[in-house]
Amino acid sequence: LRRNKVSMAALVFLTVIILLAVFADLVVDYETVITINPNERMLGPSAQHWFGTDMLGRDLFARVCVGARISLLIALVCTLVQVVVGCAYGGIMAYFGGWVDSVMMRVIEVLMSLPYLLVVIIVMLVLGNSVPSLLVALCVTSWCNTARAMRGVILQLKSAEYVMAAQALGAPARRVIMKHLLPNTIGILILNIATSIPNYIFQESTLGFLGIGLQPPDTSLGVLISLGQAAMEFYPLQLIFPAGALVLIVLAFNLLGDGLRDALDPKLRK
């Protein structure tokens with residue numbers, strides 16, 4: 001991975017963005033994120049306000065930092081849930097097989113047949129527009145593809161000699177799955193994580209832009225893009241800065257994922 005300069009540049013950029021999002025309260029004044037200042041509304045970029053101010057006089061750079069933190073937090077939590085549930089579900093399906101595999105596979109097929117946007121809308125209407133409800137909405141069916149991928153990999157690993165030896169020695173199913181099967185899927189999991197995080201960031205931003213996700217006063221990249229779109233005709237920078245941050249973050253994750261794929265796949269190594 002270190003030999004791939006593009007992927008390493010993406011990794012450095014993401015490290016800076018994550019640190020900036022995590023320690024946003026130390027970098028920017030949080031009061032400028034929420035405090036309305038009519039005397040400084042719609043200002044252009046300056047030394048005091050790097051990205052200018054919005055229609056309510058709030059510092060746009062500070063709001064982008066805080067919004068990126070919310071978007072990254074949602075993406076990381078959803079990815080964690082997806083990986084944990086998908087690995088456990090897929091591992092149980094593949095290891096036990098038979099009717100257990102058939103029943104659990106039918107459950108996945110039913111969940112995947114549900115329209116994604118419809119599920120999100122129903123969950124948000126029932127639970128309200130908040131970060132916890134958005135996490136639930138994004139995680140309801142997201143783990144299904146991971147479970148199917150893990151099932152396929154573990155079905156191949158299950159016939160390996162070291163797995164058969166562990167079973168012959170009387171190792172319980174839990175130990176075989178946790179000790180021998182799941183650790184050998186780390187490469188696929190890393191790729192899954194690298195592609196899932198930007199996907200969740202984009203989904204959250206899309207839902208916020210459509211008015212289905214988080215709503216003001218909550219702040220995320222999607223909310224900022226939606227607010228910037230309303231003022232785009234006369235103040236295009238209100239849209240350009242948060243949209244540019246979204247594009248760069250998603251692009252960096254995708255470039256890092258490509259580098260990890262090349263590094264972890266022996267067939268693609270140079």
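Along the sequence shown, the residues carry numbers beginning at 1.
- Among pairs with a residue in residues 164-185, none fulfils salt bridge (Lys or Arg N to Asp or Glu O under 4.0 Å), at least two apart in sequence or across chains.
- In the displayed structure, Met164 atom CE is contacted under 6.0 Å by at most 12 heavy atoms of other residues, nucleotides or ligands.
- Between Leu207 and Leu117, the shortest heavy-atom contact is CD2-CD1, 4.1 Å.
- Applying the ring pair (Phe, Tyr, Trp, His ring centres under 6.0 Å) test to pairs two or more places apart or on separate chains, none has a residue in residues 63-88.
- Taken together through direct or relayed side-chain contacts under 4.5 Å among Ile, Leu, Val, Met, Phe, Trp and Tyr, Ile154 and Phe96 form part of one hydrophobic cluster.
- Nearest heavy-atom pair, Leu256 versus Ala10, reported as atom, atom and distance to 0.1 Å: N-CB, 4.2 Å.
- Remark: Tyr162 pairs with Leu157, Ala160, His180, Asn184 by the side-chain contact (heavy atoms from CB on, under 4.5 Å) rule, at least two apart or across chains.
- Between Phe51 and Phe241, the angle of the ring planes stays under 30°, which puts this pair in the parallel group of the 30/60° scheme.
- For the residue pair Gln82 and Asn145, no side-chain donor N or O sits within less than 3.5 Å of a side-chain acceptor on the partner.
- For Cys144 against Met112, the heavy-atom pair with the smallest separation is CB-CG, 3.6 Å.
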Would Arg148 and Met105 count as a side-chain contact (heavy atoms from CB on, under 4.5 Å) here? Give the steps. CA-CA 8 Å; Arg148 294 180 64 179; Met105 197 65 186; 3.6 Å; yes
Leu227 vs Arg63, side-chain contact (heavy atoms from CB on, under 4.5 Å): CA-CA, chis, key distance, verdict: CA-CA 12 Å; Leu227 295 175; Arg63 288 177 62 77; 3.9 Å; yes
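- Contact between Ala194 and Leu260 at its shortest, heavy atoms only, is CB-CD1, 4.1 Å.
- Open room surrounds CZ on Arg2; 12 or fewer heavy atoms of other groups in view lie less than 6.0 Å from it.
- Residues Pro198 and Ile249 form no side-chain contact, since every pair of their non-hydrogen atoms from C-beta on lies 4.5 Å or further apart.
- Annotation: the span from Leu246 atom CG to Ile201 atom CD1 amounts to 7.5 Å, rounded to 0.5 Å.
- Scanning both residues, Ala75 and Ile197, for their nearest heavy atoms gives CB-O, 3.6 Å.
- Summarising the geometry, atom SG belonging to Cys87 is positioned 15.0 Å from atom CZ belonging to Arg151; distances are rounded to the nearest 0.5 Å.
- Screening residues 104-149 for ring pair (Phe, Tyr, Trp, His ring centres under 6.0 Å), with sequence neighbours left out, gives Tyr89-Trp143.
- Grouped by direct or indirect side-chain proximity (heavy atoms under 4.5 Å, Ile/Leu/Val/Met/Phe/Trp/Tyr only), Leu255 sits with Val6, Leu251.
- Here Phe253 pairs with nothing under the ring-ring contact (aromatic ring centres under 6.0 Å, His included) rule; sequence neighbours left out.
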Assess the residue pair Leu134 and Met124 against the criterion (side-chain contact (heavy atoms from CB on, under 4.5 Å)); give the C-alpha distance rounded to whole Å, side-chain angles, the decisive distance to 0.1 Å, and a yes or no. CA-CA 7 Å; Leu134 184 59; Met124 298 301 288; 4.2 Å; yes
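- Going from atom CG of Leu138 over to atom CD1 of Ile74 covers 7.0 Å, rounded to the nearest 0.5 Å.
- Between Glu204 and Ser71 the shortest heavy-atom distance is OE1-OG, 3.0 Å.
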Audit row: Met93, Ile108, side-chain contact (heavy atoms from CB on, under 4.5 Å) steps and yes/no: CA-CA 11 Å; Met93 276 197 304; Ile108 288 181; 3.7 Å; yes
